[in-house]
Amino acid sequence: MKDNFEVNIDDTINSGQVFLWKKFDSKWYGINGKEILILEDKLDIKSKNIHNFFRFDDDFQKIKKQLSKDDIMKKAIKNFPGMRILRQDPFQCYISFIVSSNSNIPNIQTRLQKLSRKFGEKRTIDDKELFLFPKPEKLANASITDITKCGLGYRSKYVKKAAIAVSEGTIDFSSLKKQDYQEARDSLCQVFGIGKKVADCILLFSLDKLEAVPLDRWVLRILQKYYSKEFQISTKTITEKTYDELHDKIVEHFGKYAGYGQQFLFKNERESFDKKWLG
DNA sequence: ACCTGACCTCGTCT
DNA sequence: AAGACGAGGTCAG
């Protein structure tokens, strides 16, 4: 029996992994692909969807214990002990992070909301109008002009091409899940608009690759601030090469659940700067 | 191989 | 109130 009470829903949703969530009164309403999830203060872990989404199949205590290699990480875990990594719908996750590049959370959220409203199916639940995430075919057939209307800017062509790759079967998420981390990442990086960072987000948040560690501006800043000796960080900008070198060092230090670790550090640091989450 | 600049858009700050 | 700034990167040269 897993510790349902230990999950902190607010911290989990507001940790930059999901964007299509909104709180009405005390309930969270969220879109996960073609599902709508509604969360109250207690999670119904008997629900297959909830069990899967919150990764109750992970041994969370063991993961936290394995990650606790140093004081910085211990403190981050202690501050947000109920934050989990979610297992998202892969296509939604894939598009979400393609759209995230060179942007911020409020902007990402707006873009995804507009995309869903324009291209997703409408559902009415509890008097609320919600839109499912668009299907791959729908985005693949959309015009660049219409996608651009959702505020994606130069990312519009990334989204269209990426959606085509999925609808044509060039990208197949169930195969990627079966591949190992490196192999799956290489496949994702073939897609126009996906670099290593975005690939790592997709792998960690939807394809069960817990050793994926997205190295973004924040994580870099965190590593420079607290781990500069540990990981011998010299450069300020991430290049193709330094990305992989750093990643290897991180996995070596934190182990195979390093992705969870990244999430704790990210959440902890951003909270200390009082950055905005979902609005 | 590496490095640098450009890039759409929008919320936020001044 | 208008204008500048920068944000969970990626691509092209």
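Fair warning: this is a prediction, and the values are worked out from it, not measured in the lab. Chain naming here is simple, since letters A, B, ... match the order of the sequence lines and numbering starts at 1 in each.
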Asker: Do A/Trp21 and A/Tyr29 make a side-chain contact, defined as non-hydrogen atoms from C-beta onward lying under 4.5 Å apart?
Answerer: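 A/Trp21 does not reach A/Tyr29 side chain to side chain.
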Asker: Does the distance from a Lys or Arg side-chain N to an Asp or Glu carboxylate O, for A/Lys64 and A/Glu6, drop under 4.0 Å?
Answerer: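 Result for this pair is yes, salt bridge flagged.
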Asker: Among A/Lys225, A/Arg221, A/Lys275, which residue satisfies the salt bridge (Lys or Arg N to Asp or Glu O under 4.0 Å) criterion with A/Glu269?
Answerer: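 The residue from A/Lys225, A/Arg221, A/Lys275 that satisfies salt bridge (Lys or Arg N to Asp or Glu O under 4.0 Å) with A/Glu269 turns out to be A/Lys225.
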Asker: Just list the side-chain donor-acceptor pairs under 3.5 Å for residues 210-220 of chain A, sequence neighbours left out, or say none.
Answerer:
from	atom 1	to	atom 2	distance (Å)
A/Asp216	OD1	A/Trp218	N	2.8
A/Asp216	OD1	A/Val219	N	2.8
A/Arg217	NH2	A/Asn102	OD1	3.2

Asker: What pattern of brackets, bars and dots sums up DNA chain B from 5' to 3', given Watson-Crick or G-U wobble pairs under 3.5 Å, [ ] for crossing pairs and | for another strand?
Answerer: ..|||||.||||||
Asker: Taking atom P of C/dA7 as reference, at what distance in whole Å does atom NZ of A/Lys197 sit?
Answerer: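 After rounding, the reported distance stands at 14 Å.
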Asker: For atom P, what is the distance between B/dC8 and C/dG13, given to the nearest Å?
Answerer: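 It works out to 14 Å between them.
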Asker: In whole Å, I'd like the distance from the CD1 atom of A/Ile238 to the C1' atom of C/dT10.
Answerer: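 The answer, rounded to whole Å, is 12 Å.
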Asker: NA contact type, A/Gln262, heavy-atom cut-off 4.0 Å: base, sugar-phosphate, or nothing?
Answerer: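 Base, at least one base heavy atom under 4.0 Å.
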Asker: Check the distance between C/dC11's P and A/Tyr243's OH and give it to me in whole angstrom.
Answerer: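 In whole Å, C/dC11 P lies 13 Å from A/Tyr243 OH.
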Asker: Does the pair A/Arg84/A/Asp11 count as a salt bridge with the N-to-O cut at 4.0 Å?
Answerer: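 Salt bridge between A/Arg84 and A/Asp11, a charged N being under 4.0 Å from a carboxylate O: no.
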Asker: Using whole Å, what does the distance between atom P of nucleotide B/dG11 and atom CD of A/Gln113 come to?
Answerer: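 A/Gln113 atom CD is separated from B/dG11 atom P by 11 Å.
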Asker: Could you list the protein-to-nucleotides 12-14 of chain B atom pairs, N/O on both sides, closer than 3.5 Å?
Answerer:
none

Asker: Under 3.5 Å between N/O atoms: give me all the protein pairs with nucleotides 4-8 of chain B, atom names plus distance.
Answerer:
from	atom 1	to	atom 2	distance (Å)
B/dC8	O4'	A/Tyr154	N	3.2
B/dC8	O2	A/Arg155	NH1	2.5
B/dC8	N3	A/Arg155	NH2	3.1
B/dC8	N4	A/Asn102	ND2	3.4

Asker: Pick the C1' atom in B/dG11 and in C/dA1, then give their distance to the nearest Å.
Answerer: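 The same atom, C1', in both gives a distance of 16 Å.
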Asker: Considering every strand and a 4.0 Å limit on heavy-atom distances, what is the contact class for A/Gln17: base, sugar-phosphate, or nothing?
Answerer: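 If one applies the 4.0 Å heavy-atom cut-off, A/Gln17 turns out to touch a base.
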Asker: So with a 6.0 Å cut-off around NZ of A/Lys256, is the heavy-atom count from everything else above 12?
Answerer: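 Not buried by this count: 12 neighbours or fewer within 6.0 Å.
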Asker: Rounding to an integer number of Å, can you tell me how far A/Ile202 CD1 sits from C/dG9 C1'?
Answerer: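 So the two atoms are 12 Å apart, to the nearest Å.
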Asker: Answer yes when A/Asp200 and A/Lys209 have at least one side-chain N-carboxylate O distance shorter than 4.0 Å, and no when they do not.
Answerer: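 No, no charged N to carboxylate O under 4.0 Å.
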Asker: Looking at A/Lys249 and A/Asp244, is there a salt bridge between them, counting it only when a charged N and a carboxylate O are closer than 4.0 Å?
Answerer: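 No, A/Asp244 and A/Lys249 are not salt-bridged.
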Asker: For A/Leu215, answer base if it contacts any base atom (sugar-phosphate contacts may also be present), sugar-phosphate if it contacts only those atoms, and nothing otherwise; contact means non-hydrogen atoms under 4.0 Å.
Answerer: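 Contact class for A/Leu215: none.
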Asker: Within a radius of less than 6.0 Å around NZ of A/Lys78, do more than 12 heavy atoms belonging to other residues, nucleotides or ligands occur?
Answerer: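 Counting other residues, nucleotides and ligands, NZ of A/Lys78 stays at 12 neighbours or fewer.
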Asker: Under 6.0 Å from the ring centre and within 45 degrees of the ring axis: does the NZ or CZ of A/Lys241 meet both conditions for the six-membered ring of A/Tyr243?
Answerer: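 Output no; distance or angle outside limits.
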Asker: When the P atoms of C/dG8 and B/dT4 are considered, how many whole Å apart are they?
Answerer: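 About 23 Å, rounded to a whole number of Å.
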Asker: Any side-chain heavy atom of A/Asp41 within less than 4.5 Å of one from A/Ser26?
Answerer: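 No - every pair of side-chain heavy atoms lies 4.5 Å or more apart.
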Asker: Would you list the protein and nucleotides 4-6 of chain C atom pairs, both N or O, that sit under 3.5 Å from each other?
Answerer:
none

Asker: Taking the nucleotide of DNA chain C with the closest heavy atom to each, which residue, A/Ile194 or A/Trp218, is nearer the 5' end?
Answerer: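 In this pair, the answer is A/Trp218.
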Asker: Are more than 12 heavy atoms, taken from residues, nucleotides or ligands other than A/Lys118, located less than 6.0 Å from that residue's NZ atom?
Answerer: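 Count over threshold, so yes.
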Asker: If you compare all heavy atoms of A/Ala162 against all heavy atoms of A/Ile98, which two are closest, and at what distance to 0.1 Å?
Answerer: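 Minimum heavy-atom separation between A/Ala162 and A/Ile98: CB-CD1, 3.5 Å.
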Asker: For the pair A/Glu129 and A/Arg123, find out whether any cationic side-chain nitrogen is under 4.0 Å from an anionic carboxylate oxygen.
Answerer: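 Result for this pair is no, no salt bridge flagged.
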Asker: Find out whether the Lys NZ or Arg CZ of A/Lys161 is both under 6.0 angstrom from the six-membered ring centre of A/Phe192 and within 45° of the ring's axis.
Answerer: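 Verdict for A/Phe192: a cation-pi partner in A/Lys161.
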Asker: So for atom NZ, which belongs to A/Lys138, do other residues, nucleotides or ligands contribute more than 12 heavy atoms lying within a distance under 6.0 Å?
Answerer: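 For A/Lys138, atom NZ is not crowded (no more than 12 foreign heavy atoms under 6.0 Å).
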Asker: Mind calculating the distance between CG (A/Leu220) and P (C/dG9) to the nearest angstrom?
Answerer: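 For the pair A/Leu220 CG and C/dG9 P, the rounded distance is 9 Å.
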Asker: Under 4.0 Å, counting only non-hydrogen atoms across every strand here, what does A/Ser15 touch: a base, just sugar-phosphate, or nothing?
Answerer: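 Base, at least one base heavy atom under 4.0 Å.
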Asker: Expected output is a numbered-order residue list: members of residues 183-193 of chain A with a heavy atom under 4.0 Å from any atom of DNA chain C. What is it?
Answerer: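 Going residue by residue through residues 183-193 of chain A, the ones with a heavy atom under 4.0 Å of DNA chain C turn out to be A/Val191, A/Phe192, A/Gly193.
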Asker: Rounded to whole angstroms, how far apart are CG on A/Asp274 and C1' on B/dG11?
Answerer: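 Value for this atom pair: 16 Å.
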Asker: Distance check needed: C/dT10 P versus A/Glu240 CD, whole Å only.
Answerer: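 It works out to 9 Å between those atoms.
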